[in-house]
Each structure stands twice: as structure tokens, then as C-alpha cells.
Novice: 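Structure incoming, see below.
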Amino acid sequence: MASFKSTKIPIYPKLGEKVTPDTLYWKNYKAPVQIKEFGAVTSIDFSSLAPHNYAVTASTRIHIYGPFSTEPVKTFTRFKDTAYSGKFRSDGQLLVAGCEDSMVRLFDVSGKVALRVFKGHTKGVHVTDFTSDCYHILTGSDDYTCRLWDIPNSTELTSYKEHTDYIRCGITSKLNRDIFITGSYDHTLRVFDARVEKSVMTMDHSQPVESVLLYPSEGLLVSAGGRYVKVWDLLKGGQPLVSLKNHHKTVTCLSLSSNGQRLLSASLDRHVKIYNTTNYKVVHNFDYAASILSLALAPDDESIVVGMTNGVLSIKHRKSPEEKREMAGKQRMQPVYRIFVKGRNYVPKKDDFLVSKPVKSHLAKYDKQLKKFNISKALDTALESWRRNRKPEITVAVMKELDRRGTLKNALAGRDEQNLSQLLNFLIGNVVDPRFTPVLVTATEMILDIYQAVVGQSSVVDRQLVRLQELVEREVDYQQDLLEVLGMLDTLFATVFCKCTHLYVYLNLCIQTGHKATIHFFGTPSNCLSLLMFL
Amino acid sequence: MVAHGEIHVVHRGGNKINFRETVITNDSRFLLCASGESVKVYSSSSEECVHDLQGHTDLVSGIVRNPSNHLQVYSCSADGTVRLWDFTDGILIKTFIIGYPIYSIYISENHGGVVFVVVPMANDKSSELFQLVAVHLPLSGDQEVEARELSAVLCDVSPSGAASFGRKGEYIAAVKGLQLEVFFFKKQKSHRFFLKSGNKKGAKNAFTCVSCHPKEDCIATGHEDGKIRLWRNFNQKKEYTYSTLHWHHGAVNTLQFTPEGTNLLSGGIESVLVQWHYTQENQKDFLPRLGGAITHIAVSPDGSLFCTSHSDNKITIIQSCVKVSAIIQGLVKGEGVRTDLTIDPRSKALVLNGKPGHLQFYSLHRDKLLYNLDIVQQEYIHEEGLDQFEVVKAAFDTRGNWLATVEERTQKGSELEINLKLWAYDEQTQSFMLNTTVTAPHEDQITAMCFSPSPETTMLVTISFDGHFKAWLLADHSDTKEGACWSCDFVGGYHHLKPGCCCFSADGSLLAVGFQEVVTVWSPSWELLTTLSQPPGAIRDLCFGRLSCSKYLLGTSTKNQLCCWNLLTCSLEWSTPVDVSLLQADPLSENMAAFCSQSGCSDLFVFKPGEPRPLYSQKALCTGKVQRAVFAPRDQMLESCEEHAQWLNRSQLYFFTQHMDLMTFSTKTEEDRLLASSKRLMVDDSVAVTPFYLLLGKHRQQQEALTNPMAERIQLPQGSIAIKELLYTPAHVLPSASFLCSMFVRSLLISSSSASEEKEPVEEEMESEEEDSEGEAELRDARQDLGGSAAWGPGEELGAPALTKAQERELRRVKHFDHSWLSSVLEC
């Protein structure tokens, strides 16, 4: 005797991105905390010292925030013009910042007044950094020069005048105190050695360079400029390794995750993209409200801080493991422990006679009704589950099963006003979902057949029927639009058939199955043409 | 005999076992069921076939227990004989020749020496009229007896299962159409009861089955509308009454009272065994979901065991309606096999669709169903007129790691539902696990699919009437949680033509797809390499050559063409005008089998694509078209040097005829081998012969041999024919017991000398082999002397121990005393 086979609830493929370990990791952040600054946030830098405060440079101020505070711990306001590039020294004691007034100021983190003021640049200084020995400062300026300063004497050590445009980014080597790299709007990246008069290496980014980044090993260099992110191999004399074009506006900032496995790039197109550094594929993507100027990650990726052009600073904190568990616990009702475990862990003794009990298979409520051939009740229970859990696939599966048994019409018939309006509600909600349409269209037809005699007796049902009609009409229009798109594609692809076969077939499939994402993607036929131009 | 006569077509397994009601023996240990031309005896506990009673030359149409001997059964057959069998030993005892084809048999213990059989009306053979006749079985010692003493009991009965004996055999009830007829033996008179045809409200009153209460005067009849009527008081013509029970929604196929009459069992298309309590008729027990529709119910004489036969060639053994204890499943053939015949590369089992929504794995070597794989995984609703999912295609990859199935459901007025399922073989459970389900893989029916045989990629190609073929690849998503699953890799088409068939070359480097008249050849990177065409006629079948013939591509077209293309030159090599209905390639050799249909018959040609002459051809193989065939690899290679039989060496060709008979080709040497192996398998114990039993038995024997070496060395003289004869001779012709006793006992004793004496003849034999014919003659003389002196004739030579002098003397005295009885015994 075979046991009753329960109704199969089909698993529908989830539209959109796939769940990968990366998406899980990067989604495990709390809702962002937003702080309004006075102007566009141009730079964010984390202190390497324990509480990991971070300095946020915006307008004429530098704020230092604690890891979980929304109020600044400290504020430096002694700037006469827009401040740039507030940076901590590696011991977290000193902070350096450039300014539009061409002066470079050095602060004690605990003090208020600038310890040193370095004067020498003739235009705004956008780049400042400490060298790895902590005694020198690198600056880069709009006067096309980059200079090294000595902190104790507050004197200029060297000045390099090799760039032919604004220097907007630069980084010092953490392993060698003499090496530093600058990127400029003259499309070049230059590697300097403080012991030599001239630059030792030049790379052409072919776009104005906005940001540079060194890998922890310092064998690879990443530069961002224009829409491109490029990776260079320094050990091979600056050979380009990869060129990534994933943003559609200028990339403004780069950052590495704490373990160095992921590279993050922020752009004016309001996206932060996360790349895998082994294959340079995008593994995740964050959206923000405004164009992003600056981005920084706390050590151990504890928080992601993003500064935007509208002056909003967005901070996302990682969920702690306890919180995660709490969330999971809330979702599931815990069974009463004692009842479920009673007698389960009893180990039979040697002479005990074991009576095996047949394993009782659990059947869902609707399956129990189906087993007894109670078709109307089965449909009722399935609708109930839709109302409670919002899982239309169960209800649709039960409807399909009833249809297969040839009893769907009987199950739908003989309902009162409340029951019928519930049913219509369900249909209105789901009939245009391409996953359920084939089943629900037959059910809708049956309902119209059965209840056409009583139309006009209930205002509730009538209103719903009108809604249903509108919905169907709109859907038909939609499909017509899509067919138009398909026709256009046909003519266009006919000319370049062999090249684009795959895409064509994919689009074809998408349109036939009513792929929502595609519909949104195209919107209107004219949008589609722009897509083709892009191809 | 012609050389071709060496190979002949034989039935191989897969007979119907649900044709007639099974018979349970008195001790409930065995089940007997009619299976084609033989009667099969199954053990009710181990589900194994114990004996195959062979002897009938046509379909066996009924089995009944012999009421006078509980170890014997009668069987009847369409060949016009009734045979009496001893089923414990599998021996045919007697054959009664009736002379008319028999359609069923009934027997009652109150009518000794009479069997009731259903035969066609004598006057008109072609008509569909049958009569129930009583046959007096003559008492005769002969093996074959002609039983011509027929007397008609009832005329116009239905040919099967619609008659039943009443209380103490006083009357017999038979139903046909809308009429119930009861014949009273005492009065020699029959009463007829009619029901109205009752067309209103869909009531169909026609009778389907009948069963009589064993203790009371009550007849239960089943009807087409699912009602059961209990007739009482029917010995009066007018004042009969009946009550109605109704649970079944389809026709009641079978009814049976339990031996005490306390319960009534009924079954029908719902596949639910219903047990009605005779006294409280509104109480009933159910045993649901037994499988296919119930066609017959049998109850053991003690009422402890029920047995239901199902339409899906299955017998279920049920212990008093509590639980199913065993299932005997035959090859399910149904109305038609919709999947191609395939061979599972792992188990070498034949795979085809069986029960609705299942694939069956049938072992050809053991003639046993291995298991059913549930493909559809949906509750099957036993109701007529429902469109349910059917498995229509199945394919294995070359290593048997993947199975692809296509299921289909057509519904009136709505779209075709197709699911493509891919199953991965799971080593732990030794079965296939569902990996990927693709709903609506194509917009129209899938006409063919095949796996790529290349070892690097796991790829499936499906082709469909929607004008596309799709390639499915196993994509490894190791970074996600889901694991490996299948996804579509390529969609191809050719000028919007409908593809009909596809085939991969043996190394997987080429894919040929037939688009109506055009054959397209594709590379694995999905470039169209070439197109071949040989109009007129659409391509029906495509096949790549193998091994040394791999440069050839064969195709058959609907307009009587068999073409062979050379792929190196891309040109037609040869073509012949034959109407090939099926082309099948042997996976282990270059051979191809082509089944051609010609004037209502099927011919077979076996050929190599590169050679002009066929290796083997047989005209008029069977009537009708052969639609399904497969080459099954042999587990042991045959070593036949006959030229015509060489193509059968590596694999065997199985095919289904139009009437769904599974046939195969067999050679003489193979049959000899089979016979030898079956002899070896023969075990006189009634316990079922399972491989495990054989293994254990062998082990036991070895153990016994080890522990008890004495038993083997000293042969007890009980095997002696002389003593046997002494024991089996009737007592009244023997000399007095006191006279024989001492001699008899002595002969049973093991004399100390006998062991040494025994060795002598063996040694003599050894010598005789070395010596020439003269020596042998001498030896024979010597033996004759020995035999003559003992005066025991041939019995002595057959291994009787040499008797001592004293015994000889004694025996001589016996001889003098009375010699005549012994000689008569020896003669017969």
C-alpha cells in the first residue's frame, strides 16, 4: 500500500541576484545611520588605533566620530577654506589635512590648534599623507607639484614637478618610507622614490585619476579614473593587469576589505561595487541615494562609511552574531521543548522488547483534505494559507492539483459573497504573475462561468470583477508592447544575427515568459532601442 | 536444416500474471497464477517464483484447487486441455483432453469427478457466445485421457470470472449483461432475473461479477455503476429480494466472500479493497492505494490471506485486510510503451514506463522487476477519463550517472504541460535522486532526446516540434548553496523546420539532427557543419555508425529509403528502398538492426554500414510493425563461431511486437546453456530459490562437508534399488516379514569389508581406460558373472554394495522360494 503523495509545491526560481556567500556577507549590515554634514564629504579615514575613530572631511571642517556615535567626538574647524584629505598617522596620534588655501595643517588628535602649518604650495592641496616612518608628510596640490615635508622641522624636503595637471590622489607605501605614488588629472600615475630626483615609474591611466590604492603586499596598484578601475602590476614595471568598467559614471573612491580579498569602488553613479580580487568579477553591489565621493571600511569590515555629494554621511554597522540569532529566533515559533523531547532519548536496555512504531508522515492541512477528497475544504485551507503567509504558490499548487483531478469547477462553485470576494482577491493579486498565469486563467474562466448568473447582486464582488477586468486589459496592453519590442529586435538582429544569437534568444525567452525584470529594463520600446545602441 | 534455423525468436519473460484469479493453496504457502502458457507457483512469503508448470501449448485460462487433494490443482487452457498438477514438486499428473478451447474453469467439492468449464458454443465458432458445460473426468490411470462426456449446464455465459457456486454446490450463479441466471442442480432448472437497462441518471445496471455466500443462500453481484446487490430468496421465481450496497464510484470488477461468509470483499478501478461486514452492511474497512485497478480477488481457504490482482500486472498479498505483506510485480506493459526501450548502464536492466507516472527497471536476466522509479511524484487518481501525467521519454547518459525523463499531460482545451526532469544517481541510496526540474522546457512535444557520450561534458539535447533543439548543460554552482544543476546552454533551429530525431556520434564530437528532409550536422561549439539531404520523405530515424564504421551516418525516411552518408566526403554512400520502421545500433559493435515492415509483417536485417551484404536477415518476424527494440548487452560474452549468429555474441536484441509481447533472438548454444543453468538451480526443497539461498546453501554444504567428513566417505546403502524395490512392493505379494527381516537389516548395516571392496571397481575402471577394448570386454564379463551369481539383475550394477557370502546364500534361498513376484516387479 503506497502512502499518499503530498501535493508538490513547485519551487520557482528566484528572479534577480543569486544568493552567494558574498551577498550574505555584505547584506549582513544594519540599516544605515545617516549624518548630515555641512558640505560634500570629500574624505573619510579610519584611525588604526583601537576604538577606530574616523575623520570625516567635509566643507571647512574635519569631524572625528567614534565607532558608534552619531555626534562628532572632536571637530577641527581652523580652516579658512574647504578642507581636504584628513588623514590619521599610523599611530593615531596626529592628523594632517590639506586646504583650498594651499596650506597643510597638522593637528594633534587631542588638541585643537594646528601643531604645524606647512606653507609652500601655491594652490589648494587635495592630497596629504604620512610616510611609513611617521616623520614625513606627502602632499599633492593643484599647482601640479607634490612635496615631501619634514614634521619635526616643518620644512619642505623635496618637490616634484612632473605632473602636468592637478594632483588629486596619492598614497604612500606602508612598507618603504621613501616610496609614494600620485595620480593626476594629466591621466598619469607616477611612482616616486624620495631618494631619487625623478619619478621611477609612470603609468598611463588615460583618464583623469581620481583615486589610487595599494594592495597590502604592494605588488599591485589600483587606480580609478573616469569610468574605469585599473589594476597595475608594480613588480612587472607597471604593466596593466585588468581594466574594469562596471560603473557608468566617474569612479571616485577605492577601498579594500580588511582581508584584502575584496575591492570596493564607489562612483558618482551612486553605486558601490565589490569585486573579487582573484577574478575581478563584481560579487555585490550597494546603492546609495546620492553620488558618492568617499568611502572607507572599518577594520574587520565592522562598518562601511560612505560620504556623498549632498553632504550626507551614511554609516552601516555589521550585525553582531547575537542580533542575527535573535532575528532568526523571532521568525520561528519555538516548540515547547519538554513535550517534543519526552522519551525520545531513552536508550533501550539489553532485554527490552522493542516495538517499532511506524513513522507518521506529516501532511499539510490541504493535503489531508485532498486525501479525503474534500475538494472545497482543500481549496479553503489553501486560501487560508495564502492569507496568513502570503504564499501564493501553495494555493496555486492546490488549484493545479484540483484541476488535474478534474474537480476544480466543483471546488470553486457554491461559494457565498465573502468566500467569493476572497477568491477574487487572490486572483487579482496573482493572475498576472507569469509563474501562476496558466493555472489562474483557467480558474478565473471557471469562476466567471459559474457566477455569471449572479453578477450585479453584490457590490463587493462587482467592484472586484471590474478591477480584475482592468488588470487583464492592462496586461494585454503590456504584452502588445512587448511584442512590438520583439518585432523591432527581430529586424535589428537579423542583420547581426550570428553575433548576438545568444542575447536574442535570451530576450526572446524573457519576453515570452513575461520576465518582470526585462519588462522593467525595457520600459518602453524606445528604451529598447537605446539598449541596442549600447550593444 | 538451414543455417538460419539456428537463430529463432523466443518469448522472454514479462508475461501477464493478472490474467486470471490467483489460487492460494490450503496452507497459504503458495500462490498459483496463470502466466502466458504456463502456471507459476510463487511463495507467498518470499515473493519468489518456486515452480513454473509448463505443458500447456496455449494461453492458460484458469486454475482451481483440486478439492479432493490439497496438493493438486487443475488448470485449463485455450489449447483445449485440462491438466492436473502436483504444484509442490511441479509435476504434471494428468491431462484431460476436452477438444474445445476453454475460457475458464469452476469446480465444487460437492460435485466429485466433475469440472465445469466455459467453452464456445459448439455450433458457431466465430460467435461470441459461450456456454458452461460440466465435464466428467474419467477415472483412468493413463497420463492422457480424453474427456468427451460433456453436458451443458448454462448457455450464454460470459467467458471469464462471472459464475460462482452456491452453498454446498447446490446451485451455480452466472451473470452476463443485464441477466443473472441461477441453475439448481437438484431440480435441474434455472431461474433468470433481469434488471432494467436503466439509462437514466447514468445508472448502468449491467452485471460485472458474482459471488455466492458459502453458508447461506445469498448471491452478491457487482454492477457497472459501482453498486453491489445482495440477492436473497431467489429459489422462487417471483419473490426474490435484493438489497443494494454502494461505495464504488466506478464499476465493481470483482467480488469475493470470505470462506466463512462473514465478510464480502470487493474491488474496482479505485484500487481500494473494500471489506463489507456481511451482517452489518454499513460497516466497511478500506485498504486504499494498492496500485492499479483491482481485477481479481482471491481468498485462501482458511481466510487468513487475500490476494488481489491488479491491472498493472501485479499481485498483492494481504493479510486479512490489515496490511500488505508482499507484492509480486510483473513487467508492466499497459496499452502502449511510450518511452523507448532503454538499458540502464549500471544495472543492465530494461527501462520503460510502467505504472502510471513511473519508470520500471526490469531485469532481463532474472525476469524480475527490480524497482519502480516514481517520476511524476504525484498522487495518481484512479478515475476514468482523467488526463494525468505520463512519462513519455527517458534517456540515460553513457555511465548511468544521469537519467533524463520527460513527462507530459495533455488536457482538452488547454496547453500541453511538459516537465523535463534530470535525475542524478546516488551511490548511497543506490537509486536516482531528482536534481533539476524544468517546467515547460519546450513549447511543444519533445520528440527525442539524447545525452552526449563524450566524457568531458555532461550534456543533454532535446528536440521538439516547436522547431528548436536545446542543449542542456550541467552547470556547477559551487559558490551557491544549490549545488550542481542543469541549465539551458544553446537553442538551435533550422529554417523553422520541425526536427524529428537526433543522434550523437560515438565520441560526442558530432550531433546530427533531422529537420524533416534535411539532416543537419552540428559541432559541439554549435556551428552548423553541414547539411545532408536525400528527398523525398522526412527523416524518421538517425544513427551514427560505431567503431570501425564511425564515418557513416545512417538515416531512414518515411518514403521507404534507408540512406548511408559518408561523413568524410559528406556524400551519399549508398541507399536502398526499404520501409524501415525502426533502426537500432548495437552499442558494443558496428552492427545495426533495421526492422522493416512489409505487407503487414516485420522483417529484420542486421548489417554493418560498411559492408554491402547483411549479416543476418529474417523475413516475417512477426505480424505488425515493430516499434520498440533495444540491444541489451550480455553479462557473459557468447562464443559462437556461426557466422549468422555472431551478431548476437555481445548483445541481445529485444523487441516488442504489436501485441506488446517481449521477444528476443536466441541461438541453440545459448538455450543449451540456459537449460544447464536451470538444472543446476533446481532445488527439490519447496523453499524459494533466491540467489541468497543458493549462496547460503552452498556455504552450508561446504560446512557440513568440513564438519562431517565421515558422512561423505561412507555411503549408506539406502540408495540401492534392490532395497527400494523391496520396500515399495505391495505387502500382499511379499514373503513373510519374519523371513525377510534379518536379511534386510543386515543389508542396511555397513560391513567393515564393504568400504574396501567399494574401492575396487573404481580402480578397475581406471585401468580399463588405459587398456584397449579387449580388456574392457573381459571386465564386462567378470561383472556379468558377479551379477548373475547375485541374481539381482541390473539393480546390482547400479551401485548396490557387494553382498557378503552369507547374504548371497540367504538370497539364493529367497530365489528358490518365490521368484515370480520379483521378476514382475523388475519388469514394470
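Just so we're on the same page: letters track the sequence lines, and every chain starts at 1.
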Novice: Tell me whether A:K5 is salt-bridged to B:D374, with the criterion being a basic N under 4.0 Å from an acidic carboxylate O.
Specialist: yes
Novice: Would you say NZ of B:K284 has more than 12 non-hydrogen atoms from neighbouring residues, nucleotides or ligands within 6.0 angstrom?
Specialist: yes
Novice: For B:F465, does the CZ atom sit with more than 12 other heavy atoms under 6.0 Å from it, leaving out its own atoms?
Specialist: no
Novice: Go through A:K400 and B:E417 one step at a time and tell me if the side chain to side chain contact (heavy atoms under 4.5 Å, CB included) criterion holds.
Specialist: CA-CA 11 Å; A:K400 199 174 178 184; B:E417 283 179 62; 3.2 Å; yes
Novice: So do the side chains of B:E379 and A:K8 get within less than 4.5 Å of each other, counting heavy atoms only?
Specialist: no
Novice: Could you measure the distance from the CD1 atom of B:I381 to the CD atom of A:E401? Nearest 0.5 Å is fine.
Specialist: 6.0 Å
Novice: Heavy atoms only: give me the nearest A:R404-B:R409 pair and the separation to one decimal.
Specialist: CA-NH2, 3.2 Å
